[in-house]
Amino acid sequence: MVDRYEPRAIEEKWQRRWEADRIYAAVDFDQRPKWYALTMFPYPSGDLHTGHWYAMAPSDAHARFRRMQGYNVLFPMGFDAFGLPAENAAIKRGIDPKEWTYANIERMRKQLRMMGASFDWDREIVTCDPEYYKWTQWWFLQFYKHGLAYRARALANWCPGCQTVLANEQVIDGRCERSDDIVERRFLTQWFFRITAYAEELLKFDGIDWPERIKVMQRNWIGRSEGAYLDFPVDVPGVEEKIRVFTTRPDTVYGATFVVLAPEHDLVPKVTTPEQRAVVEEYQRQASRETEIERMSTEREKTGVFTGAYAINPFNGRRIPIWIADYVLVTYGTGAIMAVPAHDQRDFEFAAKYGLDIIPVFDHPEIDVTKPLERAFEHGTRMINSGPFDGTPAEDAIRAVVEYAEREGIGQRAVTYRLRDWLISRQRYWGAPIPIVYCDACGTVPVPEDQLPVLLPEKVQFLPTGQSPLTMIPEWVNTSCPQCGGPARRETDTMDTFICSSWYQMRYIDPHNAERPFSPALAEYWLPVDQYTGGAEHAVMHLLYTRFFWKAARDMGLVKGDEPMLRLFNQGVILGPDGNRMSKSRGNVVAPDEQVEQYGADAFRCQLMFIGPWELGGPYNPTGMQGIVRWLRRVWSLALEPPQLVDAPDAPETLALRRAMHKTIRVVTDDMEHFRFNTLIARHMEFCSELQRVRERGQADRDAWNEAVETMLLLIAPLAPHITEELWERLGKPYSIHLQRWPSYDPDLAKDEEVEVVVQVNGKVRGHLRLAPDAPEEVARTRALELERVRAALDGGTPRRVIYVPGKLVNFVV
RNA sequence: GCCGGGGUGGCGGAAUCGGCAGACGCGGCGGACUUAAAAUCCGCGGCCGCGAGGCGUGUGGGUUCGACUCCCACCCCCGGCACCA
């Protein structure tokens, strides 16, 4: 009698051994084909939760699979360690952010090791290490040098809870992505990365295999619109300005009966008449107090005020009023629109409310355009009320008007994007300092590369003042100008942590390089990432930023190729047993450490993979764990307690066993390729049942049995690395199972010898046959007609038609 | 409103170039082993019906010898976007 399967007794032992032997080390410049597998690195919150396991364990299984297939696999892990929680802990509990973070990292390293994942720990990176953020700062300088980083005053998102500005991508439904506070809008001078320079290219996903929904989300976020800029001269004495508007409907320009500026538009103070100044300024004040949430509400009735000024429609010379209204956004297009109430519902509502003219400029087959409109209509048939363009068919209208505008110098075709430049400065301490110095004589001066890193000072006061805590350390702020040596001040804002994670995949390939972010030769060998896995919640943040970062790096000549991650897989969200998101307040949290304690890491890994398709996520049910535990016990028992082994190479049972094994290899390999862990484990369970039946018979062919058991262990190794290693050793096989080759199958043996064929009469099942998959129709038909129930159903009638699908069915139609 | 994803037993889920609906697992029921229990092993398992049989993949139509799968119309759930000119 052998000992029972006790996961706790073997898992730690093997984890230590693997690490000591560095069997998962990625080998630079190895002859094997390389495979860079990357899973999103965690924020060191101090506790590894089930969501981390759900993201990482299947990724690990896939990386192990590739390793066994003969790839030189790079599967690294690290910590995205800058960010607000550390600083908030400092504010609340007086703990130093650095100490807090490193203590958490230490704890999480232990928890990660319990997973038994094949991470190459020699390549670990921690983004808050000066050794790492030196290069984050270096990247900032490269962006600055290439005109991709700039400082500007702009309307920014301000989170009152976090006391810092945020990028547009980090505002979700008007709330802070982290703290959920309602975001305010403030005019502030901030640092930006020019992501808009790559807007057009970011819309293309050529040559990469990414989920459709991520691509759609990124396309929506970038929001490309084609149209034209048109210039409306201002009719105000002494003001020689033109209002440039962006429109996707230049063909409706003759219907423009007023112009609307965003309340924050630069020209507002210049054009507003003295009589209107008071109401205009009051409206601006009111608009500036509004949060995004209030302003974005589409239900809300539109408001606005007249500036008292007029502009001239450059097409027909018509004098039209200039209004301001907050339904026009200063951040989109030019911050000004021509309003065409007849053909735009928003403008229609505004015109109706304030009694402005509504002039249709298209005919419509079902609408009498000579009568007052009830609502705007977007598309008509031919242009009307449009001077020389009258009669132009709708499909030619835009082109005709734009060509005219370009000829006359009153406009030009244009493309605009919803995407804004990436606001990267944060008024917080726990981030990489922006390596910039302000000198009274030289102005904005980048810190020379050889003076990096600009170290974060320690022993800092944390008060949420809305200014970076760094401003309160004069000995840090005050410095000398790198150019002239005169007195200068450091930039006190730190960088958005999404910058740290935009290039981390590049650092893993050369994590200890002190001379440069990574060596070009290693980049040539390892990059780009072959398989990236992580959550879809990063669709328009990290996953967009890192593509931008890569393209910029490519244009700087630092990397080759157009995309950083060739394949992306988004796992779903793991939920608590009650189907809700796990949260302490709901009390539905499943703690991985407890699952491991109770069932073992192998069982927990497998259960997470077994519950359903990885991309769907779903509830984690701990009671279902029994099934996985039983299966692993059975694997244990089958490996260690064989039937009586005899020499029967030609017995039909031996062939059947071989067939089952080859079929299992085929199914498991195919499912592994496509991350179908749930069906793959189901196949394993079936194969185990088949082995069990063989064993029940009492004896089996020695070679076939041993081969089957060894193959089973090899196929399970990526899923459950500890138990398979233990059994591999007990079977006397060479260490380590994880360095063995993935089994291959014989396609002929993997095919079913006989399959069940359904016999139907008029589409209803009346019987079954066992036939070869490629049996000829004649055989199938004859055998089918021999069946009693089929004859009864035919009731003596002659089939009008017979449908035969080999391997599937025979259907008699009467 | 627009764009994705989804709706299948008591539960998690399988099966889609149209071909036995419910693989595999949980829970349930029955049996074997045991003084007993645990563990293990074997069997049953959509619904209605004693049965032959009938009905079943969100709803209603359609195409087809045959539809979870394709087409049309709709309902519900999840995620994303939403005054973007």
Side-chain angles (χ1 to χ4, degrees), chain A residues 4 172-173 211-221 223-225 227 245-249 252 260 262 295-300 302 325-329 331-340 343-347 349-350 416-420 536-537 539-540 570 572-573 577 579 607 610-613 615-631 633-634 637 676 678-686 688-689 692-693 695-696 756-768 792 799-814:
Chain A
R4 280 164 49 95
I172 314 287
D173 291 334
E212 195 55 35
R213 69 179 163 144
I214 300 291
K215 295 194 276 190
V216 167
M217 279 159 82
Q218 293 202 348
R219 280 195 204 102
N220 288 344
W221 186 261
R224 183 183 198 272
S225 301
V245 303
F246 174 72
T247 178
T248 54
R249 294 296 306 278
T252 62
V260 188
R295 193 166 161 157
M296 280 187 331
S297 165
T298 47
E299 314 310 56
R300 194 176 67 144
K302 292 179 184 18
D326 65 5
Y327 80 92
V328 175
L329 309 176
T331 50
Y332 183 78
T334 60
I337 63 161
M338 63 174 201
V340 184
H343 303 295
D344 182 291
Q345 186 58 22
R346 293 158 302 180
D347 298 343
E349 285 163 22
F350 195 82
T416 62
Y417 302 90
R418 210 186 72 106
L419 181 71
R420 302 290 86 213
E537 68 275 15
V540 294
N570 292 121
V573 179
Q607 174 65 2
F610 184 59
I611 49 174
E615 66 273 23
L616 292 186
Y620 173 79
N621 186 354
T623 63
M625 195 63 133
Q626 278 315 318
I628 290 292
V629 170
R630 284 181 191 139
W631 168 57
R633 282 184 189 144
R634 186 174 269 199
S637 147
R676 290 192 296 251
N678 56 329
T679 50
L680 173 166
I681 292 174
R683 176 60 215 170
H684 271 304
M685 289 170 167
E686 288 181 89
C688 270
S689 298
Q692 171 71 19
R693 280 193 290 276
R695 188 167 64 171
E696 287 292 294
E756 191 132 306
V757 172
V758 171
V759 184
Q760 297 181 334
V761 177
N762 287 332
K764 290 204 195 304
V765 181
R766 299 297 172 184
H768 299 90
R800 184 159 55 84
R801 213 177 131 191
V802 181
I803 291 132
Y804 175 58
V805 183
K808 296 285 184 188
L809 58 45
V810 185
N811 186 12
F812 296 101
V813 185
V814 217

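Below, chain A is the first sequence line, B the second, and so on; all start at residue 1.
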**Q** Using a 4.0 Å heavy-atom cut-off across all strands, classify A:Glu212 as base, sugar-phosphate, or nothing.
**A** nothing
**Q** Should B:C70 form a Watson-Crick or G-U wobble pair with both distances under 3.5 Å, which nucleotide is its partner?
**A** B:G62
**Q** Suppose we call a contact any N or O donor and acceptor under 3.5 Å apart; does that hold for the side chain of A:Asn811 and the base of B:C65?
**A** yes
**Q** For the side chain of A:Gln760, starting at C-beta, report the closest nucleotide among B:C83, B:C20, B:C26.
**A** B:C20
**Q** Return the nucleotide paired to B:G79: Watson-Crick means purine N1 to pyrimidine N3 with N6-O4 or O6-N4, wobble means G-U with N1-O2 and O6-N3, both under 3.5 Å.
**A** B:C3
**Q** Would you classify A:Arg683 as touching base, sugar-phosphate or nothing, given that sugar-phosphate means primed atoms plus P, OP1 and OP2, and contacts are heavy atoms under 4.0 Å?
**A** nothing
**Q** So, for A:Asp347 and A:Ala339, which heavy atoms are closest and what is the spacing to 0.1 Å?
**A** OD2-CA, 3.3 Å
**Q** How many angstroms lie between CG in A:Leu419 and CD in A:Gln218, if you round to the nearest 0.5 Å?
**A** 10.0 Å
**Q** Report which part of the nucleic acid A:Arg418 touches: base, sugar-phosphate, or nothing (heavy-atom distance under 4.0 Å, all strands).
**A** base
**Q** Under 4.0 angstrom, heavy atoms only, what part of the nucleic acid is A:Ile611 near: base, sugar-phosphate, or nothing?
**A** sugar-phosphate
**Q** Give none if B:C11 has no partner; otherwise give the nucleotide forming a Watson-Crick or G-U wobble pair with it, both distances under 3.5 Å.
**A** B:G25
**Q** Atom CG of A:Asn621 to atom C1' of B:C11: distance rounded to whole Å?
**A** 8 Å
**Q** So what does A:Pro211 hit on the nucleic acid, given a heavy-atom distance under 4.0 Å: a base, only sugar-phosphate, or nothing?
**A** nothing
**Q** Looking at every strand, decide which applies to A:Arg630 at a 4.0 Å heavy-atom threshold: base, sugar-phosphate, or nothing.
**A** sugar-phosphate
